Student: 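The structure under discussion is supplied below as structure tokens; questions concerning it will follow.
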Amino acid sequence: MTLPIPPISTSVKQEIHDYTLITLALCMYAFGLTCFMLPYQITTGGVAGISSIIYFATGFEVQWTYLFINVAFLVAAVIELGWRFCIRTIYAVLMLTFITWAFQRIFEDAEGNLPRWVGDEAFMACVIGAIIEGAGLAICFSANGSTGGTDIIAAIVNKYKNISLGNIIMFCDIIIISSCYFVFHDPRRMVFGYVCLILSALTLDYMLNRRRQSVQFLIFSRNYRRLADEINSTGRGVTVLDGTGWYTKTERKVLVVIAKKSESMNIFRLIKYIDPYCFISMSNAQGVYGEGFDKIKAKQLTNKHPLVFATNNAHKLEEVRAMLGDLFEIRSLDDINCHAEIPETGNTFAENALLKAQYVKRFYGFDCFADDSGLEVEALGGAPGVHSARYASEEGHDAEANMTKLLHEMEGKENRRANFRTVIAFVSDLHEPKFFEGRIEGQILTERRGEGGFGYDPLFVPDGYDITFAEMTAEQKNAISHRGQAMASLVDYLNAGKA
Ligand code: IMP
């Protein structure tokens, strides 16, 4: 579904907010680097790390390696994350260069030496610098920014996998720092580098996850209606579960609320105000996915769009999969664990098909199509029509009894014209329901002929043929049948990419 474009003022405000945060984050990062890392010669990872290793090993100048790697990363980033991310990255790379340069000018003494504010305590400098850098990175990421280099890889991987940003950056940096040993032969630099990496990654994860943390409440209250209403009115969803208090054997309602940790105080206030004696449990929710929370990042098993055909008729499914299988993953009602008797209470084929498709969409969320068909006999005023399956008895699907009844109703009738009709209803997120129809005209015989097919097939001879549907092969029938025609229109529609 296409979401409405937010009003300009909101998006401009958002941009200003993001860029302010990114700039603040870069200032923190540059401050950590200039005042704690550089003066104590602590090397960390990142693209600058790779560039210097290559420089020491081959003499190839640092800035070119740095430029090449960043350009390559940026190309990947444009493809994977879009222009918006790249514009921010380019801004961040240029800004960080400028701020780092400016901070060096501001903090250096007359001889051009950077300050050593913690004396000879290089380890202390490493700890302080790493925490400041990690916090800067977290603020930068939370505003959808990046400082370039390995951050880009981290953001790309994080788009697909649920690996934390800190872990991805740490993995890249461990490789970079470890390989620097073969060039520098100085284990102290490596150790400081590792400590710095671990601390900044921990700070980054802590700060990012703190904002994301969610909690789950189970609330057992006699005044659950009011509580649920009040919590709802704060914009949080509530689910009411039926429970039984086993000691008293009385029915109890349990409210389940999943909320951001920052909302929990407000929820507690409401509870205390409405029912100070209620029983509550609150626990940290490890991962919360769905509306208003994170997106599930697991890769789909197939790239095909799932589409439910609301039937369990194996023959119909096979036919449709053969026609649509390249583009869609066709699922049956069984496949989605739908075993309900979907009510077919409509007065027309279209209404019944729509009822089935909407039922699946509403309760299972999948785009869905459903068909409804039947036989319409002119001399019987269109009967059995939507009642074709249950013509002879309410239990339905007794083809023999249905045909016996039809022959009985048609006794002595001159006009034996009839048609089979199918309507397919297709329901999706993209548009209003669509309908596809197929119809075949023919005659009703006075006695059964043929063994194939199903339903009324042995009594129906299509126009232009002298054999019944039951005397045709499945291929012959499908090529001309009402269902075949309706299905072909649906397939054309879907193959044209309109779904
Ligand atoms: P459905 O909507 O496809 O399940 O069809 C409802 C009823 O209409 C079936 O139980 C059959 O009695 C009748 N019917 C629909 N299509 C055919 C057909 O192709 N041949 C014979 N009977 C059919």
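Only a predicted model underlies this, so the values are computations on that prediction, with no experimental measurement involved. In each ligand, atom 1 is the first atom listed, and ligand 1 is the first ligand listed.
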Student: Just one of Phe369, Phe426, Phe366, Phe328 clears the ring-ring contact (aromatic ring centres under 6.0 Å, His included) bar with Phe309, so which one?
Tutor: Phe369
Student: Identify, for atom 23 (C) of ligand 1, the protein heavy atom at the shortest distance, and state residue, atom and that distance.
Tutor: Phe420 CE2, 3.5 Å
Student: Any donor-acceptor pair under 3.5 Å linking the side-chain atoms of Ser481 with those of Asn478?
Tutor: no
Student: What do you reckon, is NE2 of His339 surrounded by more than 12 foreign heavy atoms closer than 6.0 Å?
Tutor: yes
Student: Please write down residue, atom name and distance for the protein heavy atom closest to atom 12 (O) of ligand 1.
Tutor: Tyr456 CE1, 3.2 Å
Student: Any idea which protein heavy atom is nearest atom 16 (N) of ligand 1, and the distance to it?
Tutor: His482 NE2, 3.1 Å
Student: Exactly one of Glu437, His482, Glu441 should register a side chain to side chain donor-acceptor pair (under 3.5 Å) with Arg421. Which one does?
Tutor: Glu437
Student: For atom 10 (O) of ligand 1, what is the closest protein heavy atom, and at what distance to 0.1 Å?
Tutor: Ala389 CB, 3.5 Å
Student: Examine Lys356 against ligand 1 and note whether any of their N/O atoms are separated by less than 3.5 Å.
Tutor: no
Student: Would the distance check show the side chain of Thr468 and the main-chain N or O of Arg449 forming a donor-acceptor pair, the cut-off being under 3.5 Å?
Tutor: yes
Student: What protein heavy atom sits nearest atom 4 (O) of ligand 1, and how far off is it?
Tutor: Lys316 NZ, 4.1 Å
Student: How does Phe454 reach ligand 1, if at all, at less than 4.0 Å between non-hydrogen atoms: by side chain, backbone, both, or neither?
Tutor: both
Student: What verdict does the side chain to side chain contact (heavy atoms under 4.5 Å, CB included) test give for Asp371 and Phe436, after you've listed the backbone C-alpha separation in whole Å, the side-chain angles of each residue and the deciding distance to 0.1 Å?
Tutor: CA-CA 9 Å; Asp371 69 333; Phe436 305 89; over 6 Å; no
Student: To which protein heavy atom is atom 8 (O) of ligand 1 closest, and what is the distance rounded to 0.1 Å?
Tutor: Ser388 CB, 3.3 Å
Student: Look at atom 15 (C) of ligand 1 and say which protein heavy atom is nearest, naming residue and atom and giving the distance to 0.1 Å.
Tutor: Ser373 CB, 3.8 Å
Student: Which residue owns the protein heavy atom closest to atom 19 (O) of ligand 1, what's the atom, and how far is it?
Tutor: Lys477 NZ, 2.8 Å
Student: Do any nitrogen or oxygen atoms of Asp457 lie less than 3.5 angstrom from nitrogen or oxygen atoms of ligand 1?
Tutor: yes
Student: Given side chain to side chain contact (heavy atoms under 4.5 Å, CB included), test Val386 with Asn347 step by step and report yes or no.
Tutor: CA-CA 7 Å; Val386 288; Asn347 292 319; 5.8 Å; no
Student: Report yes or no: does Gly374 have a heavy atom closer than 4.0 Å to ligand 1?
Tutor: yes
Student: Can you label the angle between the Phe279 ring and the Phe220 ring as parallel, tilted or perpendicular, going by 30° and 60°?
Tutor: tilted
Student: May I ask you to check whether Phe268 and Phe217 place their ring centers less than 6.0 Å from one another?
Tutor: yes
Student: Considering the heavy atoms of Gly455, write down every atom of ligand 1 situated less than 4.0 Å from one of them.
Tutor: 21 (C), 22 (N)
